[in-house]
Amino acid sequence: MITVRALTKRFGEKIAVDQLTFTVPPGTVTGFLGPNGAGKSTTMRMLLGLDRPTSGTALLDGKRYAELRWPLRTVGALLDAKAVHPGRSAAKHLLAMARSNDIPDRRVDEVLATVGLSDVAGKRAGQFSLGMAQRLGIAGALLGDPAVLLFDEPVNGLDPDGVRWVRQLIRSLAAEGRTILVSSHLMSEMQLTADHLLVIGKGRLLADAPLTELLASGAVVRVRCADRGDCARLAAHLPGARVEGDSVLVVDASVESIGDLAFELGIRLHGLSEEQASLEQAYMELTADAVEYGADSARKAGVR
Ligand SMILES: Nc1ncnc2c1ncn2[C@@H]1O[C@H](COP(=O)(O)OP(=O)(O)OP(=O)(O)O)[C@@H](O)[C@H]1O
């Protein structure tokens, strides 16, 4: 279980994480989603004792990282796959980690087999491709058989086979009852991996909901008008409605209420249907104001 309470991190004037509160229960994959610079890595670093919170708490199974006698046996993490001594072999690297946490040496061979690196155990980590380095990082995370696992952008830079492998591994680790927090800036990736989503923007929590609920919240009613000119007239009566060609798109409204409204206004309709917005759309809407260097902020700043 991960418990984060009013967690805040300032770097000088900049607030990277702002009063973040959430819990991550065991047995499910929780996606930690937000645009670049949203504060995902900083939150994970505070959970791992690598950054000190300005205020608030970040707990792993009820304890701060610094209170854990053998941290690798409670929490495994993949943060920066390339942060490995380049001259050390994969096996030596893992052996050093194991011994520092009183983990039996045999775990090294076990985790190397789990991630498919047994054949290159003696090869220097500096010669590893990004995909291999990522697998080595995951082996290190699994070494202490921890109940809590943190993965920061685990599929970044992987080929399609690697991506599929990481996804399956993460799902199976959750099925074993572990607590899994996995960050990404890609909704499409989270849609395939996570059961539950924490969405953050500019350090603040924007959504904490099951994937299915976020999908439902993106429902849109599409109204096709027989006469295009009527679209604008209908949209004017519906807050938040948007005209798109011969259609009006409306969020948070029922087909019945829109049908009745069109009837009252004497507008002929050629179509009235409920559509599921893609998760990508729901995410874009949630984070529209929270993107640090997105197209939108560039536009607001007058950049073309
Ligand atoms: N050591 C630091 N000193 C100053 N500012 C920092 C530091 N670390 C992070 N930040 C700032 O804090 C904010 C959050 O960064 P963070 O890396 O946590 O975001 P993120 O959601 O992980 O983004 P990304 O997907 O780009 O890694 C950013 O604006 C970043 O520039």
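Note that ligands are numbered from 1 as they come in the structure, with each ligand's atoms numbered from 1 the same way.
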Asker: May I ask you to test the Trp165-Val115 pair for a side-chain heavy-atom distance under 4.5 Å?
Answerer: yes
Asker: Should the proximity of Lys14 to ligand 1, defined as any heavy atom under 4.0 Å, be assigned to the side chain, the backbone, both, or neither?
Answerer: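 Answer for Lys14: side chain.
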Asker: Should Gly39 be listed as contacting ligand 1, given a heavy-atom distance under 4.0 Å as the test?
Answerer: yes
Asker: When you measure from the side chain of Asp152 to the backbone of Leu78, do you find a donor-acceptor pair of N or O atoms at a distance under 3.5 Å?
Answerer: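 Answer holds: no.
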Asker: Between Phe11 and ligand 1, is there a nitrogen or oxygen pair with a distance under 3.5 Å?
Answerer: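 No, no N or O pair falls under 3.5 Å.
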Asker: Please check this pair: side chain of Thr54 against backbone of Arg10, looking for a donor-acceptor N/O pair closer than 3.5 Å.
Answerer: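 Yes, the answer is positive, given that a donor and an acceptor are paired below the 3.5 Å cut-off.
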Asker: Could you list the atoms of ligand 1 found under 4.0 angstrom from a heavy atom of Asn36?
Answerer: 23 (O), 24 (P), 25 (O), 26 (O)
Asker: Report yes if Lys40 has an N/O atom closer than 3.5 Å to an N/O atom of ligand 1; otherwise report no.
Answerer: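 The answer is yes, given that Lys40 and ligand 1 share an N or O pair closer than 3.5 Å.
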Asker: What I want to find out is whether Arg73 reaches Asp102 closely enough, with some N-O distance under 4.0 Å, to be called a salt bridge.
Answerer: yes
Asker: Going by ring-ring contact (aromatic ring centres under 6.0 Å, His included), name the residues that satisfy it together with Phe128, two or more places apart in sequence or in a different chain.
Answerer: none
Asker: Going by distance only, is there an N or O of Thr43 that falls short of 3.5 Å from an N or O of ligand 1?
Answerer: no
Asker: With atoms numbered from 1 as shown, which atoms in ligand 1 lie under 4.0 angstrom from a non-hydrogen atom of Glu153?
Answerer: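 Numbered from 1, ligand 1 contributes 25 (O).
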Asker: Any N or O on Ala16 sitting closer than 3.5 Å to an N or O of ligand 1?
Answerer: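 No.
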Asker: Are any side-chain N or O atoms of Asp230 and backbone N or O atoms of Arg233, one a donor and one an acceptor, separated by less than 3.5 Å?
Answerer: no
Asker: Hey, does Arg45 sit under 4.0 Å from ligand 1 if you only count heavy atoms?
Answerer: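 It does not; every heavy atom stays at 4.0 Å or beyond.
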Asker: Among all residues two or more places apart in sequence or in another chain, which pass the side chain to side chain contact (heavy atoms under 4.5 Å, CB included) test with His196?
Answerer: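 So His196 forms a side chain to side chain contact (heavy atoms under 4.5 Å, CB included) with Thr30, Asp208, Pro210.
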